[in-house]
Amino acid sequence: MLELNYIRSQKEEVLRGLKIRNYTEEDLAIVDNILSLDEARRSTQTELDNNLAESNKLSKAIGGLFKEGKREEAEAMKGQVTVLKAVAKDLEAKNKKAIEQMEELLLAVPNIPHQSVPPGTSSDDNEVYRAWEHPLPELSDQAKPHWELAKEYNIFDLELGVKITGAGFPVFRGQGARLERALINFFLDEASKAGYEEIIPPLMVNEDAARATGQLPDKEGQMYHVEKENFYLIPTAEVPITNIYRDVIVNEKDFPIKLTGYTPCFRREAGSYGAHVRGLNRVHQFDKVEIVQIAHPDSSYEQLNGMLDHVAALLDKLKLPYRILRLCGGDMGFTSALTFDFEVWSAAQKRWLEVSSVSNFQTYQSNRMKVRFKDENKKTRLAHTLNGSALALARIVAALLENNQTADGINIPAVLHRYTGFEKIEK
RNA sequence: GGAGAGGUGGCCGAGUGGUCGAAGGCGCACGCCUGGAAAGCGUGUAUACUCCACAAGGGUAUCGAGGGUUCGAAUCCCUCUCUCUCCGCCA
């Protein structure tokens, strides 16, 4: 969530940002509501503090009197404290309520978009930040979408997944499973080479962790919930990995902290069916290698660019046509300040598939999570958090299968050969 | 799942009703010392909120979390939670 101080001191910037997110004049009232609750809260706080200071002073005096044996004087003072205590109790309740109301509103305010975020209301308004400069691959009329190829070559089986679990849980097998594992290893190795520390995190997180990265409360319905233990299956490795630094004051010289991890991701994604979600386009369980950074506020955008280059290099090596979009205010995630999406061209479906989303959250996550550092003036400040997929597997597999199909098999990109142990998927 | 023990600052560890935000040690930072270092010596070293100019300097809260008793709680009571040990089960 946004820092209260920021809203207080940069109100105009907050309003500008919310307008980019298509807030109406009416919606914008939330900002003033927060500020007036904050003002009320502070004045109550001051009143309460003064009250408690007085009580503390009296209590100490009573202690002193008892020691000196002045019992009667001490007894007489007790009454005064009792009166103060009653007032304090009211003030405390009032204060608590103001804080709760304010937090509730604060949680409802999204991150303020970076200056470069274009206005817009939907994905149609996203800006093409880097287009694909070369011709897109043309496939023959016999070209098949990946779900047909999967059947033909026995690469993965969604119906089998239905039998074992339910819709959206693919079963990879044979060369398909090998390809999946090859991609995971390739992505992890590339991340390690780029200086990211590899993490294998828990696949379930508790409520605190889910709240810290912003999945709770706004995305509760998207996560699988283990009732008995009150755990959530992770929708992305971002959650457990970023939480490593929750409530941590990091050493400034350790910036940027770069972490990577492979995990399966679980998403309920209820409600959407049809051609666009066929095959691996949208599933409840998929594999992903995530990259996460904790960065100094002064260099976080530089780091963001580095992450873009990293993801672009992966796609180059896989020889997949892709483009990069700068998301508009209407399409950007709630917690992000700036997001770039990578889309890969799926030649048989003839459409772009989102395979990566790289974002800078600035202090929006770190404020909730309390990831801090001491700056040169020994002042405690919030760090910036960033993350991106590098990459999401299911759709990469879809694109690889489709784009590389030939009459007698599916070619595997050269860079993966040492991981797969084969160069072609054959019948 | 059963039985027991325990959660104090970055870490270890004292503290069982009053001047305790908390002894001592370690660690860390800075300074002195040194050719340089170690050792030694000295100083400093939690977080959040708040008053104020986000300075100096005050105030408040926090000893796992929440509630209670009391003029006063790290210390007493209740609830929850987590960790450890032993037994059981088990990859």
Side-chain angles (χ1 to χ4, degrees), chain A residues 1-11 13-14 34-103 105-106 200 202-212 226-232 240 243-254 257 294 297-298 363 366-383:
Chain A
M1 60 191 180
L2 291 179
E3 294 169 81
L4 200 47
N5 253 332
Y6 177 73
I7 302 179
R8 234 186 272 165
S9 62
Q10 310 279 329
K11 185 178 162 191
E13 176 63 9
V14 170
I34 289 171
L35 289 176
S36 67
L37 277 169
D38 173 48
E39 211 164 303
R41 181 201 118 248
R42 278 188 292 156
S43 85
T44 315
Q45 180 79 55
T46 306
E47 214 180 319
L48 176 62
D49 284 353
N50 290 339
N51 173 298
L52 291 175
E54 186 64 24
S55 306
N56 286 344
K57 223 163 82 187
L58 286 172
S59 291
K60 278 183 188 173
I62 291 171
L65 288 173
F66 270 122
K67 265 190 184 162
E68 292 168 31
K70 298 178 181 167
R71 224 182 165 76
E72 278 172 30
E73 274 181 64
E75 290 294 341
M77 276 175 106
K78 282 188 185 179
Q80 294 181 50
V81 182
T82 310
V83 172
L84 283 170
K85 284 276 282 194
V87 177
K89 205 163 185 177
D90 283 349
L91 287 172
E92 249 163 39
K94 205 168 144 191
N95 203 29
K96 199 173 161 188
K97 201 172 164 196
I99 290 172
E100 276 167 11
Q101 287 176 336
M102 206 171 60
E103 293 244 309
L105 291 184
L106 273 175
I200 299 181
L203 303 182
M204 289 191 248
V205 295
N206 60 33
E207 211 179 313
D208 287 344
R211 182 169 295 107
V226 180
E227 296 276 345
K228 200 159 185 180
E229 322 284 351
N230 196 22
F231 292 157
Y232 292 88
N243 265 283
I244 291 173
Y245 284 92
R246 171 157 52 103
D247 285 320
V248 171
I249 298 182
V250 305
N251 203 325
E252 194 177 2
K253 62 176 184 270
D254 291 337
I257 295 166
I294 316 278
D298 294 346
T363 59
S366 57
N367 186 32
R368 226 187 271 195
M369 231 185 323
K370 303 294 171 238
V371 187
R372 292 155 297 173
F373 70 99
K374 295 240 190 244
D375 69 11
E376 60 275 13
N377 300 319
K378 301 220 167 179
K379 208 178 143 182
T380 309
R381 292 171 60 189
L382 293 170

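Every chain is numbered from 1 and lettered A, B, ... according to where its sequence line falls, protein lines coming before strand lines. The basis for the numbers below is simple: all heavy atoms, side chains too, and nothing from hydrogens, waters or symmetry mates. This one's a predicted model, so the numbers in the text were calculated from it and none came from an experiment.
Counting non-hydrogen atoms under 4.0 angstrom, A/Arg381 reaches nothing in the nucleic acid. Within 4.0 Å of A/Thr380, counting heavy atoms only, lie sugar-phosphate atoms of the nucleic acid but no base atom. Note on A/Leu48: nothing from the nucleic acid sits closer than 4.0 angstrom, heavy atoms only. Among the heavy atoms of the strands, none lies under 4.0 Å from A/Lys370.
Using the Watson-Crick or G-U wobble rule with both distances under 3.5 Å, B/C90 pairs with nothing in any strand shown. Taking a pair to require two hydrogen-bonding distances under 3.5 Å in either a Watson-Crick or a G-U wobble arrangement, B/A73 remains unpaired. Remark: B/G4 base-pairs with B/C84. Criterion, Watson-Crick or G-U wobble with two distances under 3.5 Å. Using Watson-Crick or G-U wobble geometry with both donor-acceptor distances under 3.5 Å, B/G35 finds no partner in any strand shown. Base pairing analysis places B/G42 opposite B/C30; the two distances defining the Watson-Crick or G-U wobble pair are each below 3.5 Å. In a base pair of the Watson-Crick type (N1 to N3 plus N6-O4 or O6-N4) or a G-U wobble (N1-O2 and O6-N3), with each distance short of 3.5 Å, B/U19 is matched with no nucleotide. Partner assigned to B/C52 is none, using Watson-Crick or G-U wobble distances below 3.5 angstrom. Under the Watson-Crick or G-U wobble criterion, with both distances below 3.5 Å, B/C11 is paired with B/G25.
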Problem set entry | nucleotides 74-80 of chain B: protein proximity per nucleotide (B base, S sugar-phosphate only, - neither; heavy atom, under 4.0 Å) | -------
For this session: Could you encode protein contacts along nucleotides 67-72 of chain B as a string, one character per nucleotide from 5' to 3', using B for base contact, S for sugar-phosphate-only contact and - for no contact, with a heavy-atom cut-off of under 4.0 Å?
Result: -S-BBS
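Listed pair A/Arg41 / B/C49 fails the phosphate criterion, with no side-chain N or O lying under 4.0 Å from OP1 or OP2. In this structure, A/Arg372 does not reach the B/U47 phosphate: none of its side-chain N or O atoms is under 4.0 Å from OP1 or OP2.
Closest non-hydrogen pair, A/Asp298 versus A/Arg381, comes out as OD1-NH2, 4.5 Å. Considering every non-hydrogen atom in both A/Val250 and A/Ile257, the closest pair reads CG1-CD1, 3.9 Å.
Taking the salt bridge (charged side-chain N to carboxylate O under 4.0 Å, His left out) definition, one finds that A/Arg246 meets it with nothing, sequence neighbours left out. In this view, A/Phe373 and A/Phe255, A/His296 satisfy the ring pair (Phe, Tyr, Trp, His ring centres under 6.0 Å) rule, not counting sequence neighbours. Judged as a side-chain contact (heavy atoms from CB on, under 4.5 Å), and not counting sequence neighbours, the contacts of A/Lys374 are A/Ile249, A/Thr380.
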For this session: Could you go through the side-chain contact (heavy atoms from CB on, under 4.5 Å) check for A/Phe231 and A/Val205 one step at a time?
Result: CA-CA 5 Å; A/Phe231 292 157; A/Val205 295; over 6 Å; no
Problem set entry | Stepwise side-chain contact (heavy atoms from CB on, under 4.5 Å) check, A/Asn50 with A/Glu47 | CA-CA 5 Å; A/Asn50 290 339; A/Glu47 214 180 319; 5.8 Å; no
For this session: Report the C-alpha distance between A/Arg71 and A/Phe66 in whole Å, list the side-chain angles of each, state the deciding distance to 0.1 Å, and finish with yes or no for side-chain contact (heavy atoms from CB on, under 4.5 Å).
Result: CA-CA 6 Å; A/Arg71 224 182 165 76; A/Phe66 270 122; 3.8 Å; yes
Exercise. Does the side-chain contact (heavy atoms from CB on, under 4.5 Å) test come out yes or no for A/Leu37 and A/Ile99, once each step is laid out?
Worked result: CA-CA 8 Å; A/Leu37 277 169; A/Ile99 290 172; over 6 Å; no
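Taking a 6.0 Å sphere around CD of A/Glu39, one finds it holds 12 or fewer heavy atoms contributed by other residues, nucleotides or ligands.
Of the C1' atoms belonging to B/U19 and B/C41, the separation is 31 Å, rounded to the nearest Å. As rounded to the nearest Å, B/G10 and B/A23 have P atoms that lie 14 Å from one another. When the P atom is used for both B/C90 and B/G6, the distance is 31 Å, rounded to whole Å. If you take atom C1' in B/C49 and the same atom in B/G21, they sit 16 Å apart, rounded to whole Å. Spacing of P atoms, B/G35 relative to B/A46, comes out at 35 Å, to the nearest Å. Separating the P atom of B/C80 from that of B/G2 is a span of 14 Å, rounded to the nearest Å. B/A22 and B/U62 are spaced 14 Å apart, taking the P atom of each and rounding to whole Å. The separation of B/G18 from B/C32, taken at their C1' atoms, amounts to 41 Å, rounded to a whole angstrom.
Between A/Lys374 atom NZ and B/C54 atom P the separation is 19 Å, expressed in whole Å. Regarding A/Gln45, its CD atom lies at a distance of 13 Å from the P atom of B/C52, rounded to whole Å. One can place CZ of A/Arg42 at 18 Å from C1' of B/A61, the figure rounded to the nearest angstrom. A/Asn56 has its CG atom 14 Å from the P atom of B/C20, to the nearest Å. Rounded to whole Å, the distance from CG on A/Leu52 to P on B/C49 is 18 Å. Between the CG atom of A/Asn367 and the P atom of B/A48 there is a distance of 11 Å, rounded to whole Å. Rounded to an integer number of Å, the gap from A/Asn50 CG to B/A61 P is 12 Å. Rounded to whole Å, atom C1' of B/C82 lies 11 Å from atom CZ of A/Phe231.
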List the atom pairs, with distances to 0.1 Å, where a side-chain N or O of residues 82-97 of chain A and a protein N or O form a donor-acceptor pair under 3.5 Å, not counting sequence neighbours.
{"from": "A/Thr82", "atom 1": "OG1", "to": "A/Lys78", "atom 2": "O", "distance (Å)": "2.9"}
{"from": "A/Asn95", "atom 1": "ND2", "to": "A/Gln45", "atom 2": "OE1", "distance (Å)": "3.2"}

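A/Leu4 contributes atom CG, which lies 6.0 Å from atom CZ of A/Arg41 (distance to the nearest 0.5 angstrom).
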